[in-house]
Amino acid sequence: MPIEILMPALSPTMTEGKLAKWVKQEGDDVKSGDILAEIETDKATMEVEAVDEGKLGKILIAEGTEGVAVNTPIALLVGEDEDADKLETPEVQDNTTQSAALQKVKGEEETKPTLPVEPPKGTKAAPPASDEDKYFDKTVKLTVREALRDAMAEEMRRDDKVFVMGEEVAEYQGAYKVTQGLLQEFGERRVIDTPITEHGFAGLGVGAAFHGLKPVVEFMTFNFAMQAIDHIINSAAKTLYMSGGQMGCPIVFRGPNGAASRVAAQHSQEYSSWYAHVPGLKVVAPYSASDAKGLLKSAIRDPNPVVFLEHEILYGHSFDVPEDPEFIVPIGRAKIMRAGKDVTITAFSFMVGQALAAAERLAEQGIEAEVINLRTIRPLDTETIVNSVKKTNRLVSVEEGWPFAGIGAEMSALMMEQAFDYLDAPVYRVHGADVPMPYAANLEKLALPQPEDIEKAVKAVLYRS
Amino acid sequence: MATSRRRKPQADETPQYSTEQLLKYYREMLLIRRFEEKAGQMYGMGLIGGFCHLYIGQEAVVVGMQNALIPGDSIITSYRDHGHMLATDMDPKGVMAELTGRSGGYSKGKGGSMHMFSREKKFFGGHGIVAAQVPIGTGLAFGHKYTQDGNINVCYLGDGAINQGQVYESFNMAALWKLPVVYVIENNKYAMGTSQHRASAGELCERGSAYGIPGHVVDGMSVLAVKEASEKAVAHAREGSGPVILEMKTYRYRGHSMSDPAKYRTKEEVTKMRTEMDPIDNLKKLILENGSADEDALKTIDRDIKNIVAEAADFATQSPEPDPAELWTDILIEA
């Protein structure tokens with residue numbers, strides 16, 4: 001049986017080309033890899049190599065022919081004992097295959113998916129259940145810094161696969177002392193000082209996670225993680241999908257995020273919307289010490305990559321934290337910090353404190369604000385937010401970061417999609433000024449959301465002056 | 001360390017290789033060659049889309065290297081990865097079906113040519129970002145050391161990837177912590193269309209010297225030279241002496257990807273490499289010259305390989321496209 005040689009597609013978009021030249025002629029022997037012909041596409045002239053062996057029996061498309069469609073038979077290859085003269089020219093139409101790509105060339109109609117593919121948007125998944133409240137019977141006052149350290153230590157005691165790496169995490173005890181005492185308890189095998197090499201150690205952490213370990217990678221601040229963001233997104237977040245579910249990446253990237261104090265633009269960026277944009281990542285931004293501890297434990301146990309955004313100013317703040325090491329806070333569950341009927345305020349990380357301060361001032365004026373601490377940015381606890389807005393009919397979103405495509409923008413979209421009929425006022429976004437963070441004390445204060453800004457926003461959505 | 005420079009293999013140089021070994025290497029290289037030729041053809045037919053980077057010409061590198069490893073050793077590479085998957089004994093059907101974007105592919109059709117994995121075979125990708133596999137491979141080596149499993153990582157990178165900063169970040173950590181990793185630079189002379197001398201200062205094998213990482217040049221067109229160099233490098237890494245760099249001088253016959261007309265090099269250069277340096281032809285010649293096997297034995301292998309590749313192609317065209325519901329799976333693991 002003669003083998004048909006087809007007009008090849010030589011780029012992802014090619015549909016036809018010119019058969020510029022036959023390098024082999026009828027009767028020539030052909031081995032795999034031999035160059036048969038040259039083909040001109042709109043971009044270049046390319047050589048066509050033989051895959052099968054035999055003799056070039058018949059040339060079906062003469063050289064110089066233009067507009068030869070992809071997959072048209074251009075020649076016939078025969079075995080050594082076949083007679084080239086007896087060959088029939090095949091019907092061109094017979095050569096279509098079941099390829100979707102080919103159908104696309106023939107007509108868009110045929111390639112439309114037969115099933116409507118429903119995105120999971122609009123589905124209100126309930127947040128995961130939590131028994132966290134029951135642990136608050138016995139608490140101890142801890143700073144956020146200590147709570148984070150305790151979370152890591154408890155998880156490291158529980159699972160030898162957990163290790164901590166980053167700049168100054170071991171001997172220096174952490175640039176912000178979050179890893180204090182870990183080296184002494186767990187040794188240098190599991191508490192690892194890295195060189196200043198974010199791109200490298202983030203990728204190394206991903207590799208260790210692929211191996212089956214559970215790395216906790218500390219960035220001295222998330223500003224420096226921009227050097228490593230390719231590994232956080234392309235390597236950690238996407239590989240599970242690209243591998244058809246084989247390559248889980250149980251890793252935590254943690255460190256302070258957002259503005260500290262007077263460290264200016266390159267050290268004061270808030271990254272939650274950057275990471276929350278990415279399917280395949282979980283993004284957590286705790287406020288209190290108990291949230292920090294309970295959520296970091298969840299993050300370390302999670303089989304997925306988790307971006308854990310801390311806040312430098314909060315490190316020294318003290319909160320009640322349950323003593324029981326079984327205390328844990330599930331990822332994906334917001335917390336109502338203060339109940340109220342007049343307006344819903346959402347906030348996360350340091351801004352929860354600002355929102356609570358504003359709510360205090362508003363209460364004095366007879367306005368009852370419900371303050372929701374998001375705790376997890378992705379997956380967002382939409383149910384808690386939507387249920388609150390159904391009650392208050394007003395939403396003020398507070399974030400430290402920039403407004404464009406920020407968390408507040410997402411909140412606005414959420415309200416349009418899931419609470420439109422319940423709104424009595426447009427969503428109001430309180431956010432960091434849309435400028436690189438200034439250094440001067442007065443300008444920095446102006447750039448960051450203050451309780452007064454939140455108070456003003458609440459009055460705006462309540463149409464009060 | 002082997003530094004044989006483009007000599008034709010001589011019969012008397014290879015007493016240490018059994019007939020079985022030589023035929024195994026021949027078979028493994030031929031499988032890659034025929035598989036890639038078929039992939040190129042199927043790309044031409046529109047059955048494979050997007051980017052498709054063929055390994056034709058470089059077969060000796062991965063076959064020689066893989067034959068120096070033991071079970072449990074992990075490997076990782078860039079986007080020119082079909083050969084590595086076949087050399088780690090991944091199923092040609094699953095690889096080809098991934099190329100065609102079908103549900104029977106290693107990634108259920110969701111990864112494509114550049115993103116395939118097999119935990120079972122310790123093949124960790126298949127990475128589309130140039131040099132991203134280097135810190136990840138270094139991290140796999142970190143995992144081997146941390147768990148003391150006695151295994152090593154082999155991290156393949158190209159002569160283009162070698163200029164990325166993260167490679168040196170990795171070299172530094174690997175040397176500092178004596179991680180069990182062999183970095184294999186597959187120097188096929190062209191980083192896409194830019195030749196080595198236009199992109200890289202100095203010698204690639206010396207790129208680890210500042211970190212104290214030994215580096216060796218290897219004739220990457222000779223599977224036996226590769227095997228010999230690999231044995232030593234792998235032993236070095238496995239015994240806890242830290243990383244090694246092997247610069248494999250090799251050549252890709254085809255363009256960077258399917259849509260590359262390769263106008264940055266002369267036809268004469270390509271022809272010379274194909275006719276004089278071909279790793280499969282040269283091994284075949286050696287096998288015949290030293291009497292390890294006759295033409296018939298090799299023809300049997302050829303037929304076998306042809307069938308395997310034909311079956312893979314059939315499977316890859318008949319396997320259904322992924323179910324539309326697959327769009328929404330494998331984004332996160334249920335905690």
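Naming: A, B, ... by sequence-line order, numbering from 1 per chain. Basis for what follows: all heavy atoms, side chains included, without hydrogens, waters or symmetry-related copies. Since this is a predicted model, take the numbers as computed values, not measurements.
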Could you verify whether a donor N or O on one side chain and an acceptor N or O on the other, from [X] and [Y], lie under 3.5 Å apart?
{"X": "B/Thr329", "Y": "B/Glu326", "value": "yes"}
{"X": "B/Glu269", "Y": "B/Tyr251", "value": "yes"}
{"X": "B/Tyr183", "Y": "B/Thr138", "value": "yes"}

Got a second to check how far A/Glu49's CD is from A/Ile5's CD1, nearest 0.5 Å?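 It comes to 12.5 Å.
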Using non-hydrogen atoms and a 4.5 Å limit, figure out which bit of [X] sits close to chain A: side chain, backbone, both or neither.
{"X": "B/Ile76", "answer": "neither"}
{"X": "B/Ser257", "answer": "neither"}
{"X": "B/Ser74", "answer": "neither"}
{"X": "B/Gln133", "answer": "neither"}
{"X": "B/Asn153", "answer": "neither"}
{"X": "B/Glu98", "answer": "neither"}
{"X": "B/Arg33", "answer": "neither"}
{"X": "B/Lys145", "answer": "neither"}
{"X": "B/Ile129", "answer": "side chain"}

Is it the side chain or the backbone of [X] that comes within 4.5 Å of chain B heavy atoms, both, or neither?
{"X": "A/His199", "result": "both"}
{"X": "A/Lys161", "result": "backbone"}
{"X": "A/Leu240", "result": "both"}
{"X": "A/Asp52", "result": "side chain"}
{"X": "A/Thr194", "result": "both"}
{"X": "A/Ile192", "result": "side chain"}
{"X": "A/Gln227", "result": "neither"}

Given the side-chain rings of [X] and [Y], with only the six-membered ring counted for Trp, is the space between their centroids under 6.0 Å?
{"X": "B/Tyr79", "Y": "B/His256", "value": "yes"}
{"X": "B/His115", "Y": "B/Tyr106", "value": "no"}
{"X": "A/His211", "Y": "B/His144", "value": "yes"}

Around atom [atom1] of [X], are there more than 12 heavy atoms of other residues, nucleotides or ligands at under 6.0 Å?
{"X": "A/Phe224", "atom1": "CZ", "value": "yes"}
{"X": "B/Lys110", "atom1": "NZ", "value": "yes"}
{"X": "B/Lys263", "atom1": "NZ", "value": "yes"}

Chain A: which of [options] shares the most heavy-atom pairs with it under 4.5 Å?
{"options": "B/Gln166, B/Arg274, B/Lys122", "result": "B/Gln166"}
{"options": "B/Arg34, B/Lys38, B/Met116", "result": "B/Arg34"}
{"options": "B/Gly50, B/Gly49, B/Ala174", "result": "B/Gly50"}
{"options": "B/Phe51, B/Trp177, B/Tyr168", "result": "B/Trp177"}
{"options": "B/Phe117, B/Tyr253, B/Phe142", "result": "B/Phe117"}
{"options": "B/Pro135, B/Ser118, B/Cys52", "result": "B/Pro135"}

Heavy atoms only, distances under 4.5 angstrom: which of [options] has the most pairs with chain B? Name it, please.
{"options": "A/Leu213, A/Asn234, A/Ile35", "answer": "A/Leu213"}
{"options": "A/Ile331, A/Asp230, A/Asp302", "answer": "A/Asp230"}
{"options": "A/Gly205, A/Ala50, A/Gly203", "answer": "A/Gly203"}
{"options": "A/Ile196, A/Asp160, A/Thr41", "answer": "A/Asp160"}
{"options": "A/Pro195, A/Pro279, A/Gly212", "answer": "A/Pro195"}
{"options": "A/Arg190, A/Lys238, A/Met7, A/Arg301", "answer": "A/Arg190"}

Output yes when B/Lys267 and A/Glu38 qualify as a salt bridge under the 4.0 Å nitrogen-oxygen rule, no when they do not.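 Salt bridge present between B/Lys267 and A/Glu38.
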Determine, for B/Lys108 against B/Asp330, whether the closest basic-nitrogen to carboxylate-oxygen distance falls under 4.0 angstrom.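 B/Asp330 and B/Lys108: salt-bridged.
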For side-chain hydrogen bond (donor to acceptor under 3.5 Å, both in side chains), just list the numbers for B/Arg254 and B/Tyr55, CA-CA rounded to whole Å, side-chain angles, deciding distance to a tenth of an Å, and then say yes or no. CA-CA 8 Å; B/Arg254 299 289 188 98; B/Tyr55 197 65; over 6 Å; no
Using side-chain heavy atoms (C-beta onward) and a distance below 4.5 Å, is B/Ile56 in contact with B/Arg252?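 Not touching, per the 4.5 Å side-chain cut-off.
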Donor-acceptor contact present, side-chain B/Glu169 to main-chain A/Gly200, <3.5 Å: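 Yes: the side chain of B/Glu169 pairs with the backbone of A/Gly200.
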Between the side chain of B/Ser319 and the main-chain N/O of B/Phe315, is any donor-acceptor distance below 3.5 Å?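 Answer holds: no.
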